[in-house]
**Student:** 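Let me begin by handing over the structure; questions about it come next.
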Protein chains: 2
Amino acid sequence: MPKKKTSENVTVGITPVALKEHEHAHCIDDAINTAEAYCKNAKLRFTPIRRKVLEILAQEHRAIGAYAILERLRENGFGSQPPLAYRALEFLTKHGLAHKVERLNAFISCTHPTKEHSPAFLICRTCSSVAETTLDAAKTSLGGIARAANFRMEGLVMESEGLCSSCSRAAT
Amino acid sequence: MPKKKTSENVTVGITPVALKEHEHAHCIDDAINTAEAYCKNAKLRFTPIRRKVLEILAQEHRAIGAYAILERLRENGFGSQPPLAYRALEFLTKHGLAHKVERLNAFISCTHPTKEHSPAFLICRTCSSVAETTLDAAKTSLGGIARAANFRMEGLVMESEGLCSSCSRAAT
DNA sequence: CGATGTTATGTTATAATGTAACATTATTGA
DNA sequence: TCAATAATGTTACATTATAACATAACATCG
Ligand SMILES: [Zn+2]
Ligand SMILES: [Zn+2]
Ligand SMILES: [Zn+2]
Ligand SMILES: [Zn+2]
């Protein structure tokens, strides 16, 4: 049983982020509230579409493709042309409220918003769960190499695919 | 002057891989020869298309998109339907002779073939050079987190975008 | 307020990237 | 040589992403 999900609670087996057993509704509320506060403080406009996209992302601890987001937007009475989703996603990712998982060409709600951070992901190839953790980019192995080479790191993509503990146990 | 290129020699300012000043023709020869030997040893078929795709990739220390590869294939008398390139790329990446740079949705010839390795890339956003280095995935920061979480890492994507030393100097 | 600049959204069309599916050909290895 | 396997040819399509331009909402300053 790789993953259990009810409307209010998700059980998973990864520790990094909020992926232990937890009251998942809090994740959603937190994401929205933090984003709202952040935008207010930074004088950014947390418009209905942006809010809705973040809500959609925060529903699940997994990455969601832009076109899946568009479907959900349509269901909620918003337009469903690609630019709508991509613009909202651009806003959210630019301000660290969501991230793109490059390996999946899909997006995920950030579980460490506010903090300036370099996210890293553990992607389960079986249950598709995505766990986020943060790194100090400069302290990674690649950071050292970059420094030695006078390469100025501006962004870091760090993603591992594999099996989460639940799926790993189930696989043996 | 971010990058200098003549037919036989490329000058760049990144140290990790073969990206210091070097006789670039060797890179191409090495890539092909190593691949040939590897395939022979592993009883894999290093067919004309696969060889040509690797040659195309090895021409440059930067990532090349599948459709750009297709163009080059056509110029060389091969077919130019997408599956041609993608199949060759699948073969090359599967056997560690080339890699996909996820951040760019593009492919690059491996500079550490033969060795079982987890590549990491330094991508210059100005001159598009891509420098490859290798990592021990388990020893990365994410590796430690994965271990603690009982996450079984099977693959690692580690890519940094930024400015290579040449472009960095030029930018100030 | 009302003009004006700025930001966000609506809309259409298309670009870029990647695969499924099936027919044909080449290679391998009894 | 024959059957099994692997690779290639080919068509069609799926998925992901952006360009470009029009309209609307919002800010803010006189
Ligand atoms: Zn949760
Ligand atoms: Zn899992
Ligand atoms: Zn070279
Ligand atoms: Zn550069």
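None of these values were measured; they are calculated from a predicted model. Keep in mind that the numbers below use all heavy atoms, side chains included, and drop hydrogens, waters and symmetry copies. Chain identifiers are assigned alphabetically (A, B, ...) following the order of the sequence lines, protein sequences preceding nucleic acid strands; residue numbering begins at 1 within each chain.
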**Student:** The test is side-chain contact (heavy atoms from CB on, under 4.5 Å); show your working for Val157(A) and Glu159(A) and say whether it passes.
**Tutor:** CA-CA 6 Å; Val157(A) 173; Glu159(A) 303 169 358; 3.5 Å; yes
**Student:** Glu71(B) CD to dT17(C) C1': how many Å, rounded?
**Tutor:**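 Checked: the CD to C1' distance equals 14 Å.
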**Student:** Rounded to the Å, how far apart are Phe46(B) CZ and dT8(D) P?
**Tutor:**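 Between P of dT8(D) and CZ of Phe46(B): 12 Å.
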**Student:** Take Pro82(B) and Ala66(A), find for each the nucleotide of DNA chain D with the closest heavy atom, and name the residue whose nucleotide sits nearer the 5' end.
**Tutor:**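 Between the two, 5'-proximity favours Pro82(B).
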**Student:** Measure from the side chain of Pro83(B), starting at C-beta and using heavy atoms only, and say which of dA20(C), dA17(D), dT8(D) lies closest.
**Tutor:**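 Of dA20(C), dA17(D), dT8(D), dA20(C) is nearest to the side chain of Pro83(B).
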**Student:** Just the rounded figure in Å: distance from C1' of dT16(D) to CD1 of Ile64(A).
**Tutor:**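 The distance from CD1 of Ile64(A) to C1' of dT16(D) comes to 16 Å, rounded to the nearest Å.
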**Student:** For a quick check of understanding: with a heavy-atom distance under 4.0 Å over all strands, which category does Lys100(A) fall into, base, sugar-phosphate or nothing?
**Tutor:**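 Since only primed, P, OP1 and OP2 atoms lie under 4.0 Å of Lys100(A), the category is sugar-phosphate.
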**Student:** Whole Å only: how far is the CZ atom of Arg103(B) from the P atom of dA17(D)?
**Tutor:**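 The distance from CZ of Arg103(B) to P of dA17(D) comes to 11 Å, rounded to the nearest Å.
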**Student:** Look at the side chain of Arg45(B) and decide which nucleotide, out of dG9(D), dT9(C), dA7(D), has an atom nearest to it.
**Tutor:**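 Selected nucleotide (nearest to the side chain): dA7(D).
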**Student:** Check the distance between dT11(C)'s P and Leu84(A)'s CG and give it to me in whole angstrom.
**Tutor:**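 Atom-to-atom, Leu84(A) to dT11(C), this comes out as 9 Å.
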**Student:** Do any side-chain nitrogens or oxygens of Gln81(A) fall under 4.0 Å of OP1 or OP2 in dT11(C)?
**Tutor:**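 Answer is yes, contact under 4.0 Å.
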**Student:** Hey, does Arg87(B) reach any base, or is it just sugar-phosphate, or nothing, if we go heavy atoms under 4.0 Å?
**Tutor:**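 Since a base atom lies under 4.0 Å of Arg87(B), the category is base.
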**Student:** Report, as yes or no, whether the 6.0 Å neighbourhood of atom CD on Glu90(B) holds more than 12 heavy atoms from other residues, nucleotides or ligands.
**Tutor:**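 No, because the 6.0 Å sphere around CD of Glu90(B) holds 12 heavy atoms or fewer from other groups.
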**Student:** So does Tyr86(B) get a side-chain nitrogen or oxygen closer than 4.0 Å to the phosphate oxygens (OP1/OP2) of dG18(C)?
**Tutor:**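 Yes, such a contact exists.
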**Student:** Any stacking of Tyr67(B) on dT17(C), going by centres under 5.5 angstrom and planes within less than 30 degrees?
**Tutor:**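 Per 5.5 Å and 30° rule: yes, stacked.
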**Student:** Just by distance, no angles: are the side chains of His112(B) and His99(B) close enough, under 3.5 Å, to form a donor-acceptor pair?
**Tutor:**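 Per modelled atom types, His112(B) and His99(B) side chains form no pair under 3.5 Å.
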**Student:** Let me know the distance between CG of Leu104(A) and C1' of dA17(D), rounded to the nearest Å.
**Tutor:**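 Going from CG in Leu104(A) over to C1' in dA17(D) covers 16 Å.
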**Student:** Using a cut-off of less than 4.0 Å, is there contact between a side-chain N or O of Asn105(B) and OP1 or OP2 of dG18(C)?
**Tutor:**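 True: Asn105(B) side-chain N/O within range (under 4.0 Å) of dG18(C) OP1/OP2.
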**Student:** Whole Å only: how far is the CZ atom of Arg74(A) from the P atom of dG10(C)?
**Tutor:**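 Rounded to the whole Å, the gap is 15 Å.
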**Student:** Parallel, tilted or perpendicular, judged at 30° and 60°: which one describes the rings of His22(A) and His24(A)?
**Tutor:**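 Judged by the thresholds at 30° and 60°, the geometry between His22(A) and His24(A) is perpendicular.
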**Student:** Tell me: CG of Leu89(A) to C1' of dT18(D), nearest whole Å?
**Tutor:**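 The distance from CG of Leu89(A) to C1' of dT18(D) comes to 14 Å, rounded to the nearest Å.
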**Student:** With side-chain hydrogen bond (donor to acceptor under 3.5 Å, both in side chains) as the test, would you mind laying out the steps for Ser129(A) and Arg62(A) before giving the verdict?
**Tutor:** CA-CA 5 Å; Ser129(A) 70; Arg62(A) 63 181 70 200; over 6 Å; no
